[in-house]
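Note: hydrogens, waters and symmetry copies are ignored here, and every other heavy atom, side chains too, is used. Quick caveat: nothing in here was measured; it's all calculated off a predicted structure.
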Number of protein chains: 2
Amino acid sequence: MQAPRENTDSDASPGFVSDYLLYLLAAASDAASAQFHQTVRAAGLRVPEWRVLACLLDEDGAMITQLATVALAEQSRLTRIILQMEKRGLVVRRGDAADKRRVRVHLTPQGRALATDLVTQAKVHEAVLIRRLSGGDGARLKPALRSLLEVLEPSMPETAPREMHQKTGSQVIENMD
Amino acid sequence: MQAPRENTDSDASPGFVSDYLLYLLAAASDAASAQFHQTVRAAGLRVPEWRVLACLLDEDGAMITQLATVALAEQSRLTRIILQMEKRGLVVRRGDAADKRRVRVHLTPQGRALATDLVTQAKVHEAVLIRRLSGGDGARLKPALRSLLEVLEPSMPETAPREMHQKTGSQVIENMD
DNA sequence: GATTAATATATGAGTTTTCATATTAAATGA
DNA sequence: TCATTTAATATGAAAACTCATATATTAATC
């Protein structure tokens, strides 16, 4: 509360938000996804449904919980989404013999065809997008994002962190409320 | 349909999704935001409400539509969110004298105090996060994201594209459905 | 091996969010 | 100026989403 600039209109001073990492991430994700998500919608799918299909193409028979993680959706939502997808004939749910709590989700031929088609389109879209980025940014972006995810993720047991007996790992980011 | 690898369990082949730019963006945004958004929740705010406050600190008296854009939320949602925030005493809505369709949103002292506090925390959180990124990734990320946004955004009339009379501008990204 | 804890999925219920459209006001243009 | 189009916000109703918790099953502990 110092300079009472009235800021009547057409100011657009840089400000905090437009340079805030979390905003840049969200805005970039939103804007980039909006493009391809139109294609997804046109195929009659909602975004998490598309993610599920892509996921299952990578790993058929995934469990609901895994799919929820990758599709960035909550478990109860995923449960309902999978039920809907089953009704539409895109996937089938099968109980896991070894662990009867689990539900394994498999692509139907129809689901696989749709998934394959969309993944192909996604790859093209991605290539075009990256090509349009000036200079090295296209090349830099993915590694930087992976680096960020590594720092943030609860470090999946894949490439397991052997020999780490003192509980130093997975310390919570300090400075948070 | 060639190698019928049964992929029974514990495979985790790299796959498409985990290297797909749009997934990396969404996952990184989600993971990074999750951290700070806990603080936001603890302050009794939902995410778009926090964005509105931050926004208004940058530009008090913004219109609903502007806020919707920056808060990455739809207009009708923003309308309702602003109404709720007004009830809570965080903002006030004032009609624009010049254009009576517009609603100008202003911070109350209470809203400003909360916004200021959260922005301070956000800056700290951001700094910590960037510092934790290995090597140059911390420095590379923001420019790369800005570059991406530039490519994607409908190029705001700021730094306006004068002399563009043939309708070549704003061509849609090709290769999309 | 009975008891307790943890995991995986499902579901009821309330809240949010979206979609289409209404409403009001300004801009355009004939 | 009057009609037409565009812009800004609001709103009803349907769909989607979240939260807490139920249920079923496996793992752990004693």
- Side chain of B:Thr65 - closest among C:dA10, D:dT9, D:dT26: D:dT9
- Query: Base, sugar-phosphate, or nothing: which does A:Ala98 touch, judged by heavy atoms less than 4.0 Å apart?
  - Reply: sugar-phosphate
- Task: Can you check whether any acceptor in the base of C:dA10 is under 3.5 Å from a donor in the side chain of A:Gln75, or vice versa?
- Result: yes
- Can you find a side chain N or O atom of A:Thr79 that sits less than 4.0 Å from OP1 or OP2 on C:dT9? no
- What nucleic acid atoms does B:Arg94 come within less than 4.0 Å of, heavy atoms only: base, sugar-phosphate, or nothing? nothing
- Message: Please report the distance, rounded to the nearest Å, between CD1 in B:Ile82 and P in D:dA8.
- Response: 16 Å
- Between A:Gln84 and B:Met63, whichever has its closest DNA chain D nucleotide further toward 5' is B:Met63
- Query: Within the modelled atom types, does a donor on one side and an acceptor on the other bring the side chain of B:Arg80 and the base of C:dT18 under 3.5 Å apart?
  - Reply: yes
- With no angle test and no hydrogens, is the base of C:dT18 tied to the side chain of B:Arg77 by a donor-acceptor pair under 3.5 Å? no
- Between the base of C:dA26 and the side chain of B:Arg101, is there any donor-acceptor pair under 3.5 Å? no
- Note on the structure: Rounded to whole Å, CZ of B:Arg46 lies from P of D:dC17 at a distance of 16 Å
- Message: Determine whether a donor-acceptor pair (one donor, one acceptor, N or O, separation below 3.5 Å) exists between the side chain of A:Ser76 and the base of D:dC17.
- Response: no
